[in-house]
Asks: 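Submitted below is the structure of interest, expressed as structure tokens.
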Amino acid sequence: MNKAIYIAASDANSGKSMLSLGLMQLLLRKKPKVGYFRPIIDNPIGDKRDNHINTVLNYFNLKSEYEDCYAFTRSELIRKLNDDREDEIINRIIEKYKKLEEENDFVIIEGTDFSDHGAVIEMDLNVLIAKNIGAPVIIVSGGVNKSLEDFIQSLRLTYDSFINKDVEVIAVVANKVQEKNIPIIVEEVGANLPKTVSINAIPIDQKLNNPTIKEFLMEIEGKVLFGEEFLNNTTGDIKVGAMQLSHFLHHLTDDSVVVTPADRSDILLGTLQANISSNYPSIAGIILTGGMELNSSIIKLIEGLEKIVPILWVKDGTFSIASRLGAVRSHIYAENVDKIKMSINMFEKHVDVASLNEKLVSYKGSEALTPRMFQYNLLKKAKEIRKHIVLPEGNDDRILIAASQLQKTGVVKLTILGKRVNVEASVKRLNIPFDFDKTEIINPIESEYFADFSNTLYELRKHKGLSPAMAEDLMADVSYFGTMMVYKELADGMVSGAAHTTQHTIKPALQFVKTKPGFSVVSSIFFMCLEDRVSVFGDCAINPNPTAEELAEIAISSADSSIAFGIDPKIAMLSYSSGASGKGEDVDTVRRATEIVKEKRPDLKVEGPIQYDAAVDPSVGKKKLPNSEVAGQANVLIFPDLNTGNNTYKAVQRETGALAIGPMLQGLNKPVNDLSRGCTVDDIFNTVILTAIQAQE
């Protein structure tokens with residue numbers, strides 16, 4: 001079920017804050033707890049908090065901790081992007097978001113501000129974040145200083161950026177537009193977008209769009225002489241008091257800010273008098289420039305006035321101050337309750353709240369699980385019940401580096417097989433952090449378990465002609481010793497194969513761990529983490545030429561494994577032919593296997609025989625098998641033989657840069673998993689996590 005909405009701007013100054021405030025008010029009427037998350041915030045000034053987060057937390061009295069409501073400052077983000085650490089960025093954002101998701105009924109996510117020159121990078125990043133979180137999007141686009149054509153093109157470009165990555169856009173908001181243009185904007189925008197997208201337009205409101213005196217004060221770093229309680233006054237035009245008072249008064253307008261040298265007491269007093277006169281407009285504030293002190297008689301006179309406005313004092317000159325004020329952007333901040341209420345009222349008045357709420361409720365979320373979210377879910381699931389995994393190959397540097405990384409997570413308990421002195425020497429040579437108090441190092445021959453393990457193996461295999469001496473010889477092998485630890489429940493699972501063949505790794509498991517009841521074959525799957533989805537490939541590691549019955553069992557096992565790891569299986573039984581057109585022994589085997597799956601597990605969605613392109617490409621799938629529930633959307637791909645499967649997974653991995661997690665073995669009574677001898681540290685890390693999750697079942 002969807003628990004989030006992502007607010008994305010098409011450019012700077014779009015007015016995202018209004019949408020966040022309006023949505024928060026809308027959602028809090030229906031849900032007890034709503035969270036607020038900004039993945040990227042602007043660099044803080046001193047110890048000040050991010051204004052967006054501070055405003056939302058304070059006004060709505062949310063219970064979230066401030067630090068939980070963002071992932072990176074802008075400078076932190078840029079450093080990590082420059083260091084090519086995009087994965088780390090997305091992983092941390094997912095982790096932060098998931099914490100809020102668990103604590104709340106719904107989460108509003110507000111995208112970046114486009115406050116520097118990296119607009120293309122920011123757009124890509126917003127798309128990436130929304131994609132990985134799996135949230136639908138509302139696009140906000142500001143209409144200030146844009147022609148209708150430019151506005152629509154900008155909005156369409158932003159829309160396409162999300163849609164091209166399969167991120168659903170449920171609504172667009174044209175913000176800060178001329179009220180008279182709203183009907184034509186809604187019509188033209190609607191003509192360029194699908195009917196399923198809610199089109200909304202909010203007119204510009206100068207009281208919302210213009211800064212307050214407080215924001216001017218922060219920009220010029222001035223001193224407040226009078227009227228501090230009125231700093232939240234919204235400003236209008238900036239008026240420079242340089243002419244004679246009689247002429248200057250004609251230029252005053254509602255909420256104007258008067259900028260004049262501090263020695264122009266005539267302008268100062270005349271402006272204050274005009275402010276209390278019913279014949280002149282009200283003034284937002286006065287800024288005195290030049291650093292000159294006010295005469296005591298002037299101060300006394302001002303102190304005696306019943307009605308006053310903020311009067312600021314600065315050292316800089318009039319022209320410099322007036323120029324800086326013209327560049328100040330308006331923000332909504334926590335103390336300005338009037339602006340917050342105005343924003344919420346504007347949202348509720350001009351946005352189709354009923355339609356938006358319906359879309360939020362009805363959106364079921366994307367079926368595609370992104371690789372980063374999949375890996376996050378793996379770690380989270382592994383943490384639920386901490387399991388004990390044995391790694392027999394303590395003489396391999398990759399195993400030790402992976403073990404060091406696993407220690408940091410605390411997700412699993414580890415035992416490593418090997419001579420402690422050798423492991424210590426390797427850790428020192430590799431210069432990696434390693435806590436020997438957290439990870440036991442066992443030398444099989446010197447272990448207290450050696451005699452018992454050898455005797456157990458003898459008893460289990462003596463009917464096969466195994467002698468006690470032969471059992472001891474085998475138990476000196478780390479694969480046998482590690483597997484026996486699992487068999488004896490001294491460990492919950494084993495991961496090996498970095499330095500041994502597949503046969504060497506799984507032979508002991510086949511001999512005495514055995515298969516689960518109802519399973520006749522041990523098979524394997526890889527979780528293939530592609531750019532935008534996770535697919536399951538089976539069997540690419542164990543069975544050379546499975547029969548139709550074995551192929552069906554592999555498919556069912558792979559589907560069940562998929563379900564266990566959060567993937568809703570759509571099974572494609574792969575062949576060189578799609579549908580009923582193909583002929584030959586190989587395609588007949590796949591056809592029969594598909595029938596068996598349907599007979600044994602009518603709850604599963606399965607299609608076969610089907611070619612790879614028809615299985616994964618929606619356009620091809622629709623053309624070749626138009627009535628199929630699986631064609632074009634398959635995420636569990638069952639290969640007809642080991643030759644096809646092994647070569648395909650390696651080709652996909654190398655050519656696309658996909659991360660292949662596995663192989664994970666299926667069908668054994670206890671989890672024992674095999675690594676490729678060309679495995680990386682990440683492969684080992686991920687396979688240990690998979691094994692720990694298998695051990696929870």
Side-chain angles (χ1 to χ4, degrees), residues 378 381-382 387-393 399 402 412 477-487 489 491-528 534-546 550-565 567 569 636-639 641-642 645-646 649-650 653 660-679 683-697:
L378 288 183
K381 190 168 179 63
K387 290 298 183 178
H388 182 182
I389 306 299
V390 59
L391 303 173
E393 298 162 320
I399 295 292
V412 293
D477 184 290
V478 291
S479 290
Y480 272 87
F481 192 93
T483 306
M484 187 60 76
M485 285 186 68
V486 176
Y487 178 80
E489 298 186 346
D492 299 304
M494 183 182 87
V495 174
S496 188
H500 294 92
T501 65
T502 297
Q503 176 70 10
H504 191 103
T505 298
I506 69 171
K507 184 178 180 181
L510 294 173
Q511 286 181 346
F512 55 88
V513 170
K514 304 288 187 180
T515 57
K516 291 178 181 179
F519 283 77
S520 63
V521 63
V522 174
S523 61
S524 73
I525 57 170
F526 280 93
F527 292 98
M528 299 297 294
V534 178
S535 294
V536 174
F537 282 17
D539 169 14
C540 304
I542 304 296
N543 297 283
N545 290 292
E550 290 170 337
L551 202 56
E553 188 175 316
I554 291 168
I556 292 170
S557 296
S558 300
D560 287 339
S561 294
S562 302
I563 294 168
F565 285 88
I567 298 172
V636 177
L637 298 122
I638 305 302
F639 292 89
D641 54 63
L642 182 59
N646 193 267
Y649 108 76
K650 287 184 176 178
Q653 181 185 31
I661 301 178
M664 186 185 88
L665 302 189
Q666 307 171 132
L668 288 169
N669 270 315
K670 303 275 186 179
V672 172
N673 282 315
D674 175 46
L675 297 163
S676 163
R677 277 169 288 174
C679 66
D683 293 336
I684 298 166
F685 182 100
N686 289 322
T687 304
V688 169
I689 299 300
L690 285 182
T691 308
I693 295 170
Q694 278 185 291
Q696 294 176 0
E697 297 176 9

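Everything numeric here is computed off the predicted structure, so don't read it as measured data. Note that the numbering runs from 1 along the sequence shown for the chain.
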Asks: Could you pull out all residues at least two apart from T687 that satisfy side-chain hydrogen bond (donor to acceptor under 3.5 Å, both in side chains)?
Replies: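 Partners of T687 under the side-chain hydrogen bond (donor to acceptor under 3.5 Å, both in side chains) test: none.
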Asks: Using 0.5 Å steps for rounding, measure from the CG atom of L675 to the CG atom of L391.
Replies: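 If I round to the nearest 0.5 Å, the distance is 8.5 Å.
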Asks: State the CG-OG distance between N673 and S524, to the nearest 0.5 angstrom.
Replies: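 Rounded to the nearest 0.5 Å, the CG-OG separation comes out at 9.5 Å.
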Asks: Can you pull out every salt bridge (charged side-chain N to carboxylate O under 4.0 Å, His left out) where at least one residue sits in residues 660-670? Sequence neighbours excluded, please.
Replies: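 Checked against salt bridge (charged side-chain N to carboxylate O under 4.0 Å, His left out) - neighbours excluded - the pairs reaching residues 660-670 are E489-K670.
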Asks: Measure across L668 and A509 and return the closest heavy-atom pair with its distance rounded to 0.1 Å.
Replies: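 Scanning both residues completely, I find the closest heavy atoms to be CD1-CB, 4.0 Å.
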Asks: Could you tell me if the side chain of I542 sits less than 4.5 Å from the side chain of L665, heavy atoms only?
Replies: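 The answer is yes, as the side chains (C-beta and beyond) meet within the 4.5 Å cut-off.
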Asks: Sequence neighbours excluded, which residues qualify as side-chain contact (heavy atoms from CB on, under 4.5 Å) partners of P671?
Replies: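 T691, Q694, A695.
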Asks: Nearest 0.5 Å please: distance from the CG atom of L378 over to the CD1 atom of I661.
Replies: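 Rounded to the nearest 0.5 Å, the CG-CD1 separation comes out at 5.5 Å.
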Asks: Give a yes or no answer on whether the side chain of D539 reaches the backbone of A541 with a donor-acceptor pair at less than 3.5 Å.
Replies: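 Pair found, side chain donor or acceptor close to backbone of A541.
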Asks: I need the minimum non-hydrogen distance between I554 and G538, along with the two atoms involved.
Replies: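 That would be CG2-C, 4.4 Å.
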Asks: Can you confirm whether K650 sits close enough to N646 that some side-chain heavy atom of one is under 4.5 Å from a side-chain heavy atom of the other?
Replies: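 Result yes, sub-4.5 Å side-chain heavy-atom pair found.
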Asks: Looking only at heavy atoms, what is the nearest atom pair of V390 and G482, with distance?
Replies: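 Looking at all heavy atoms of both residues, the shortest contact is CG1-O, 3.7 Å.
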Asks: Which residues pass the side-chain hydrogen bond (donor to acceptor under 3.5 Å, both in side chains) test with E393, sequence neighbours left out?
Replies: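 Here the qualifying residues are S496, H500.
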Asks: Could you go step by step and tell me if S520 and E553 meet the side-chain hydrogen bond (donor to acceptor under 3.5 Å, both in side chains) rule?
Replies: CA-CA 8 Å; S520 63; E553 188 175 316; 2.7 Å; yes
Asks: Starting from the C-alpha separation in whole Å, work towards a yes-or-no answer on side chain to side chain contact (heavy atoms under 4.5 Å, CB included) for N543 and V521.
Replies: CA-CA 9 Å; N543 297 283; V521 63; 3.2 Å; yes
Asks: Is there a side-chain contact between T483 and K507, using heavy atoms and a 4.5 Å cut-off?
Replies: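 Counting from C-beta outward, T483 and K507 never come under 4.5 Å.
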Asks: Taking the side chain as every heavy atom from C-beta outward, state whether I684 and I399 have any atom pair closer than 4.5 Å.
Replies: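 Yes; the side chains approach each other to less than 4.5 Å.
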Asks: Mind checking what makes side-chain contact (heavy atoms from CB on, under 4.5 Å) contact with A660, not counting sequence neighbours?
Replies: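 Residues passing side-chain contact (heavy atoms from CB on, under 4.5 Å) with A660: F526, M528, Y649, Q653.
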Asks: What pairs with N686 under side-chain hydrogen bond (donor to acceptor under 3.5 Å, both in side chains), at least two apart in sequence or on another chain?
Replies: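 N686: no side-chain hydrogen bond (donor to acceptor under 3.5 Å, both in side chains) contacts found.
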Asks: Tell me, please, which residues at least two apart from S561 pass side-chain contact (heavy atoms from CB on, under 4.5 Å).
Replies: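 So S561 forms a side-chain contact (heavy atoms from CB on, under 4.5 Å) with I525, M664, Q666.
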Asks: Using ring pair (Phe, Tyr, Trp, His ring centres under 6.0 Å) as the criterion, list what pairs up with F519, not counting sequence neighbours.
Replies: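 So F519 forms no ring pair (Phe, Tyr, Trp, His ring centres under 6.0 Å) with any residue.
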Asks: For the residue pair N669 and T515, establish whether any side-chain heavy-atom pair is separated by less than 4.5 Å.
Replies: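 No - every pair of side-chain heavy atoms lies 4.5 Å or more apart.
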Asks: With sequence neighbours left out, what residues match D560 under side-chain contact (heavy atoms from CB on, under 4.5 Å)?
Replies: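 Partners of D560 by the side-chain contact (heavy atoms from CB on, under 4.5 Å) criterion, ordered by chain and then number, come out as I556, I563, R601.
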Asks: Considering non-hydrogen atoms only, spot the tightest contact between A692 and V412 and give its length.
Replies: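 Reported closest heavy-atom pair: CB-CG1, 3.5 Å.
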Asks: Quick one, M484 and P508 - any side-chain contact, counting heavy atoms below 4.5 Å?
Replies: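 No, side chains not in contact.
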Asks: Roughly how far apart are H504 NE2 and R677 CZ, rounded to 0.5 Å?
Replies: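 Answer for the NE2-CZ pair, H504 versus R677, is 11.0 Å.
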Asks: Within this structure, what is the CD1-CG distance for the pair I693 and D492, rounded to the nearest 0.5 Å?
Replies: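 Between I693 CD1 and D492 CG, I get 13.0 Å after rounding to 0.5 Å.
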Asks: With sequence neighbours left out, what residues match Y480 under side-chain hydrogen bond (donor to acceptor under 3.5 Å, both in side chains)?
Replies: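 Only Q511 meet the side-chain hydrogen bond (donor to acceptor under 3.5 Å, both in side chains) criterion with Y480.
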Asks: State the OG-CD1 distance between S558 and I638, to the nearest 0.5 angstrom.
Replies: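 So the gap between those two atoms works out to 3.5 Å.
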Asks: Could you tell me whether the side chain of F565 reaches within less than 4.5 Å of the side chain of L690, counting heavy atoms only?
Replies: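 With C-beta onward as the side chain, the pair touches.
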Asks: So which atom in C540 and which in F639 form the shortest heavy-atom distance, rounded to 0.1 Å?
Replies: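 Closest heavy-atom pair between C540 and F639: SG-CD1, 3.9 Å.
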Asks: Would you say the side-chain atoms of Q696 pair up with the backbone N or O of K381, donor to acceptor, closer than 3.5 Å?
Replies: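 Such a contact is found between Q696 side chain and K381 backbone.
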Asks: Minimum heavy-atom separation for V486 to G493, with atom names?
Replies: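 That would be CG2-C, 3.6 Å.
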